[in-house]
2 protein chains.
Amino acid sequence: MSQDPPAPTSGLQRLWRLDAPPRGGRPTLSVRRVVAAAVELADAEGIGAVSMGRVAEQLGFTTMALYRHVAGKDELLELMSDAAVGEPPPTDGAAPWRARAHSWSLAMLRRVREHPWITEVPFSTPPLGPHRVRWMEAGLRALRGCALDAEQKLAVINTLNGIVWHEVSLEWQQARARDRAGRDPAGAFADYGRALASVAAPERFPELAALVADGVFGEPDAAPGPAGPAPVQDFDDPLVAFAVDRFLDGVELLLERQGGGAG
Amino acid sequence: MSQDPPAPTSGLQRLWRLDAPPRGGRPTLSVRRVVAAAVELADAEGIGAVSMGRVAEQLGFTTMALYRHVAGKDELLELMSDAAVGEPPPTDGAAPWRARAHSWSLAMLRRVREHPWITEVPFSTPPLGPHRVRWMEAGLRALRGCALDAEQKLAVINTLNGIVWHEVSLEWQQARARDRAGRDPAGAFADYGRALASVAAPERFPELAALVADGVFGEPDAAPGPAGPAPVQDFDDPLVAFAVDRFLDGVELLLERQGGGAG
DNA sequence: TAAACCATGTGTATCTTATACACGTCCGAG
DNA sequence: CTCGGACGTGTATAAGATACACATGGTTTA
């Protein structure tokens, strides 16, 4: 009755106490290992493949063993996505805020791309995990010296986050559509461009049709082969970079208008 | 063999053919009705509540009846989210692109807010439904007369989308956290602010702690009552508006730099 | 050192859901 | 009038989450 008052936040606590020393005895399983296995599984086969059973199997334990370490699947998902974003990179104290914000965004982009399934996890909670919180802190630190008020800073990092997540989410969906087409040549279009083309009648969707014709979604004359391996484009960021840069330009502009210079 | 070649895209087709005339005879159930019922359910109780069974019950049919009209739950979800975004508002031909883009974003924001569960639907496909596509078209139309190239226009509307969705997603998560706290006063924090406060130790998270202290996440001295009904803030958009405006400012700036004026 | 404890795993049972299949029915076409 | 197909129904199956009660071995306590 002394060491652990049930505390109103078991969930949150678990989120932050991954390292609680193994309490009773043999430290075979652990939250860390469970989460790690789950993340690995998701990386390999998507969140769809993450079931309590599969994770347990991966670890060589029974399904129910997991419940000794996580409250349930929801909590596991929360832990997974927090773990997957991992640690933010250090903030370059010398760089101006603009450059720091930019690289913070790109770092996040890369991280999320490594675990694209994060974008599919149905979050039930706003970001409260230790890693997420550390990214927030890092983002705010990046904006130090920028003359925005607290609310605006928060809006800035939220927006950057939104841009990045949305982008990865789209990439991911397209990639999936692509390889669904690979597996089942009859069931889906080889790529988003072709699908859009089939659907965007030029009379009703002139603008869209023009984009498609422009090849913005991929060359329309790319081999329509039954199930080409689809050369995984690795546009390393032009699209996101565009968005991030425009947004940050806008923020800079605001600062200039407001105060004349950077605080 | 004349009216409906099986076509490689039954899914896509169903997405676009909601109005196919009732083929055989009595038009009791229909894709429309199924989707409508599902949307209603999701609006009322969240996507979590949407199961084939519940939807069927809602309509007074058996679960299996639904399968005559949709291929399965995934397709239903796709149809639902397309239906939920609905029709984009008309484009104001007279307004400048900037204003049009702005109101397009706000229209989308409002729409998504009406059906916040959309942000939780695990998309397996890039946007191909008729409504989604119409929103894209509308977005592009809004950008007509703006001297961006095709790719950039696409990036702009994607970004605006990302900003909006991410925002709604956050609002939604916070709202849920809030009323989870209401239901189970011990299980979660009354609000995000308090939760963050409990977690963001000032020594390790100075920036964040400052924000929290600033009351950016809600006043820290708000009654910590066991389950206050939590005055649902209705910031109609200041945060999103900030993001959208900054971004569009950035785009304008780019155009000025590029060409001197708007095409 | 012996006894009690408790954290950890296990096995089994249950409940919810999605979905395959086969059957009956009623409509309109020939 | 009869046949075929669209539409609903009912039943069966399988996956998955999770509650519960029990076994076990190290830790702690008397």
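What you see is a predicted model; the values in this text were computed from it and never measured.
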Nearest-angstrom distance from the residue atom CD of E57(A) to P of dG16(D):
10 Å
Which nucleotide in the set dA18(C), dT18(D), dT10(C) lies at the smallest distance from any side-chain heavy atom of K73(B)?
dA18(C)
Using a strict threshold of under 4.0 Å (side-chain N to carboxylate O), is an ion pair present between R54(A) and E57(A)?
yes
Check the phosphate of dA15(D) against S51(A), side-chain N and O only, distance under 4.0 Å to OP1 or OP2. Yes or no?
no
Any side-chain N or O of T28(A) below 4.0 angstrom from OP1/OP2 of dT8(C)?
no
Atom NE2 of H69(A) and atom P of dT18(D): how far apart are they, to the nearest Å?
16 Å
For Y67(B) and dT11(D), give me the distance from atom OH to atom P, rounded to whole Å.
17 Å
Indicate, with a heavy-atom threshold strictly under 4.0 Å, whether M52(B) touches base, sugar-phosphate, or nothing.
sugar-phosphate
Taking the nucleotide of DNA chain C with the closest heavy atom to each, which residue, M64(A) or V50(B), is nearer the 5' end?
M64(A)
Take atom CG of L66(B) and atom P of dC7(D), then tell me their distance rounded to the nearest Å.
13 Å
Here the distance between atom P of dT10(C) and atom CZ of F61(A), to the nearest Å, is 6 Å
Rounded to the nearest Å, what distance is computed from the CZ atom of residue R54(B) to the C1' atom of nucleotide dT16(C)?
13 Å
Under a plain distance cut-off of 3.5 Å, with no hydrogens placed, do H166(B) and N158(A) share a side-chain donor-acceptor pair?
no
Overall bend - the helix from dT1(C)-dA30(D) to dG30(C)-dC1(D), comparing terminal axes fitted on five pairs, nearest 10 degrees:
10°
R32(A) CZ to dT8(C) C1', in whole Å, measures 19 Å
Salt bridge present between R113(A) and E171(A) (N-O < 4.0 angstrom)
yes
Less than 3.5 Å apart, any donor N or O on the side chain of W172(A) or E120(A) sitting next to an acceptor on the other?
yes
Check the distance between dC22(D)'s P and R68(A)'s CZ and give it to me in whole angstrom.
13 Å
Tell me which one of V121(B), V34(B), V50(B) satisfies side chain to side chain contact (heavy atoms under 4.5 Å, CB included) with M80(B).
V50(B)
